[in-house]
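The next block holds one structure in the form of structure tokens; read it before the comments.
Quick caveat: nothing in here was measured; it's all calculated off a predicted structure.
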Amino acid sequence: MTKIKFIVLLIIFFISCREEKALTENENDVQSFQTYISKTNEKHLSKNLIACAAGGTTGSLDSASHPISIIFLPITDSYDFKYFEMKNDFFPKEDFNNYFERKAEPLPLLNGFLKRFVLTESQKEYWCRVTYLAKDSLHYCNAIRIKYRSKPTIIANTLVNISYPKPLHPLFNWAADSDGDNFIYFQVVASEKDSVISATYTYEKHFQFYDLSNVVLNVHNVESSPKLKPSTKYKFMLMGVSEDNWVNLFAEVSFRTPSK
């Protein structure tokens, strides 16, 4: 009997060791952000990647199966787009060891001017980041707070008002969401076929095309000021973003410029 017990214990020991080894190997397959930085140590680190996240709506940014969008601005010749999320929320958001890569395929938005990762729903809040490589640098964004459950993005197309102080210089005004949690506003003017004409950030709740006097960041590189054509249909997209890079407010409206 003692010999039989010994053999059983030995079998259990080997099975446990194999399971532990398999678990360790699977954990190693998922690299942390810090590990990824170490692998690309010949690259300069650049914290200038612009990104935010939206979700929990029933609008154009999500679907029932993938209601969270991680939206980011790729620069010219960028590649190797990656998404990392923090598994344990009690760690500081700047602890790169606790962000782990989650495989996701970036999809184009606005004809590729923006890209986004579309993700399944989450039962909790967490921090995440986006990275990509470009030339000699590893670019990464500020930490993004996913608030899919606690603060779903509001689709508020009716909050945008468009007037025409000049026929080809429309003025866009909008109201903030109800709790005033927006820190900055991102505005895009695009053609009917989603070709981006201007993309700007303001702290104020208005933007006039193409007046940059209240623009704090212009993310659409143009050699000269863009122009709109008379009697032409365009699109205006707005995001109200909080300091933790969550999109509280989203709007998308079409408009037509007056004839001269």
note = Between F236 and the options F172, F186, F250, Y185, the ring pair (Phe, Tyr, Trp, His ring centres under 6.0 Å) test singles out F172

ask   = Should T202 and Q187 count as side-chain neighbours, where that means a heavy-atom distance under 4.5 Å?
value = yes

message = Taking I184's backbone N and O only, do any of them form a donor-acceptor pair with N182's side chain (distance below 3.5 Å, no angle check)?
response = no

Residue list, side-chain contact (heavy atoms from CB on, under 4.5 Å) with E94, at least two apart or on another chain = K47, F96, R129

task = Applying side-chain contact (heavy atoms from CB on, under 4.5 Å), run through L114 and M237 and close with a yes or a no.
result = CA-CA 12 Å; L114 299 174; M237 187 177 75; 4.2 Å; yes

Taking every non-hydrogen atom, the tightest pair across A199 and V196 = CB-CG1, 4.3 Å

message = Let's go through L212 and N218 carefully: what are the C-alpha distance in whole Å and the side-chain angles of both, what is the deciding distance for side-chain contact (heavy atoms from CB on, under 4.5 Å) to 0.1 Å, and is it a yes or a no?
response = CA-CA 8 Å; L212 301 181; N218 185 354; 4.0 Å; yes

ask   = Applying the 4.5 Å side-chain criterion to the ILVMFWY set and letting contacts propagate, would L107 and L119 be lumped into a single cluster?
value = no

request  = Only counting residues at least two apart or in another chain, list the ones meeting side-chain contact (heavy atoms from CB on, under 4.5 Å) with L45.
outcome  = I37, L138, Y140

ask   = Just by modelled atom types, is the S137 backbone N or O under 3.5 Å from a matching donor or acceptor in the S46 side chain?
value = no

ask   = In Å, rounded to the nearest 0.5 Å, how long is the span from CD1 of I75 to CD1 of I50?
value = 10.0 Å

query = Parallel under 30°, tilted from 30 to 60°, perpendicular over 60°: which one fits the rings of Y164 and F255?
reply = tilted

key: Residue pairs fulfilling side chain to side chain donor-acceptor pair (under 3.5 Å) with at least one residue in residues 228-243, sequence neighbours excluded   = D194-K235, S242-D244

query = Does some side-chain heavy atom of T131 sit less than 4.5 Å from a side-chain heavy atom of F81?
reply = no

key: Taking every non-hydrogen atom, the tightest pair across V253 and N157   = CG1-O, 3.5 Å

key: Gap separating the NZ atom of K193 from the CG atom of N111, nearest 0.5 angstrom   = 10.0 Å

query = Using links of under 4.5 Å between side-chain heavy atoms of ILVMFWY residues, direct or through other members, which residues join L171 in one cluster?
reply = none

task = Return the set of residues passing side-chain hydrogen bond (donor to acceptor under 3.5 Å, both in side chains) with N173 (not counting sequence neighbours), or none when no residue passes.
result = none

ask   = Looking at residues at least two apart in the chain, or sitting in another chain, which of them share a ring pair (Phe, Tyr, Trp, His ring centres under 6.0 Å) with Y99?
value = none

inquiry  = Can you confirm whether L238 sits close enough to V160 that some side-chain heavy atom of one is under 4.5 Å from a side-chain heavy atom of the other?
reply    = yes

task = Mind listing the closest non-hydrogen atom pair of S78 and Y132 along with its distance?
result = CB-CD1, 3.6 Å

request  = Quick one: which residue pairs count as a ring-ring contact (aromatic ring centres under 6.0 Å, His included) with a foot in residues 204-224, not counting sequence neighbours?
outcome  = F113-H220

ask   = Can you get from Y201 to Y203 by hopping between Ile, Leu, Val, Met, Phe, Trp and Tyr side chains that sit under 4.5 Å apart?
value = yes

query = Between the main-chain N or O of V241 and the side-chain N or O of N248, is there a donor-acceptor pair closer than 3.5 Å?
reply = no

query = salt bridge (charged side-chain N to carboxylate O under 4.0 Å, His left out) with K87: which residues, sequence neighbours excluded?
reply = E85

key: E204 and N214 side chains, donor-acceptor separation under 3.5 Å   = yes

inquiry  = Measuring only between side-chain heavy atoms, which start at C-beta, is P106 closer than 4.5 Å to R116?
reply    = no

note = Applying salt bridge (charged side-chain N to carboxylate O under 4.0 Å, His left out) to D95 and not counting sequence neighbours gives none

message = Measuring only between side-chain heavy atoms, which start at C-beta, is N142 closer than 4.5 Å to N245?
response = yes

request  = Determine whether the side chains of D211 and H169 contain a donor N or O and an acceptor N or O closer than 3.5 Å.
outcome  = no

note = For F84, the ring pair (Phe, Tyr, Trp, His ring centres under 6.0 Å) test, sequence neighbours excluded, returns F33, Y36

I144 CD1 to C128 SG distance, which is reported to the nearest 0.5 Å = 4.5 Å

ask   = Side chains of L217 and T200: does their closest heavy-atom pair fall under 4.5 Å?
value = no

task = For residues V247 and S69, determine if any side-chain heavy atom of one lies less than 4.5 Å from a side-chain heavy atom of the other.
result = no

inquiry  = Please tell me whether Q31 and K39 have a donor and an acceptor in their side chains that are separated by less than 3.5 angstrom.
reply    = yes

ask   = Do the side-chain N and O atoms of T35 and S32 include a donor-acceptor pair separated by under 3.5 angstrom?
value = yes

message = Can you list everything that forms a side-chain contact (heavy atoms from CB on, under 4.5 Å) with L168? Sequence neighbours excluded, please.
response = P230, T257, K260

request  = Working to the nearest 0.5 Å, report the span between CD1 of I162 and OG of S254.
outcome  = 8.5 Å

inquiry  = Measuring centre to centre across the rings, with the benzene-like ring taken for any Trp, is W127 within less than 6.0 Å of F91?
reply    = no

inquiry  = So that I know where these two stand, are F117 and F72 an aromatic pair - ring centroids less than 6.0 Å apart?
reply    = yes

query = So, do L133 and H139 sit near enough that their side-chain heavy atoms are less than 4.5 Å apart?
reply = no

ask   = How would you list, by chain and number, every residue that makes a salt bridge (charged side-chain N to carboxylate O under 4.0 Å, His left out) with E125, sequence neighbours excluded?
value = R145

ask   = From L73 CG over to C141 SG, what is the distance, rounded to the nearest 0.5 angstrom?
value = 11.5 Å

task = Might you point out which heavy atoms bring M86 and P92 nearest each other, and give the distance in Å?
result = CE-O, 3.2 Å

remark   = Between the CG atom in D181 and the NZ atom in K151, the distance rounded to the nearest 0.5 Å is 5.0 Å

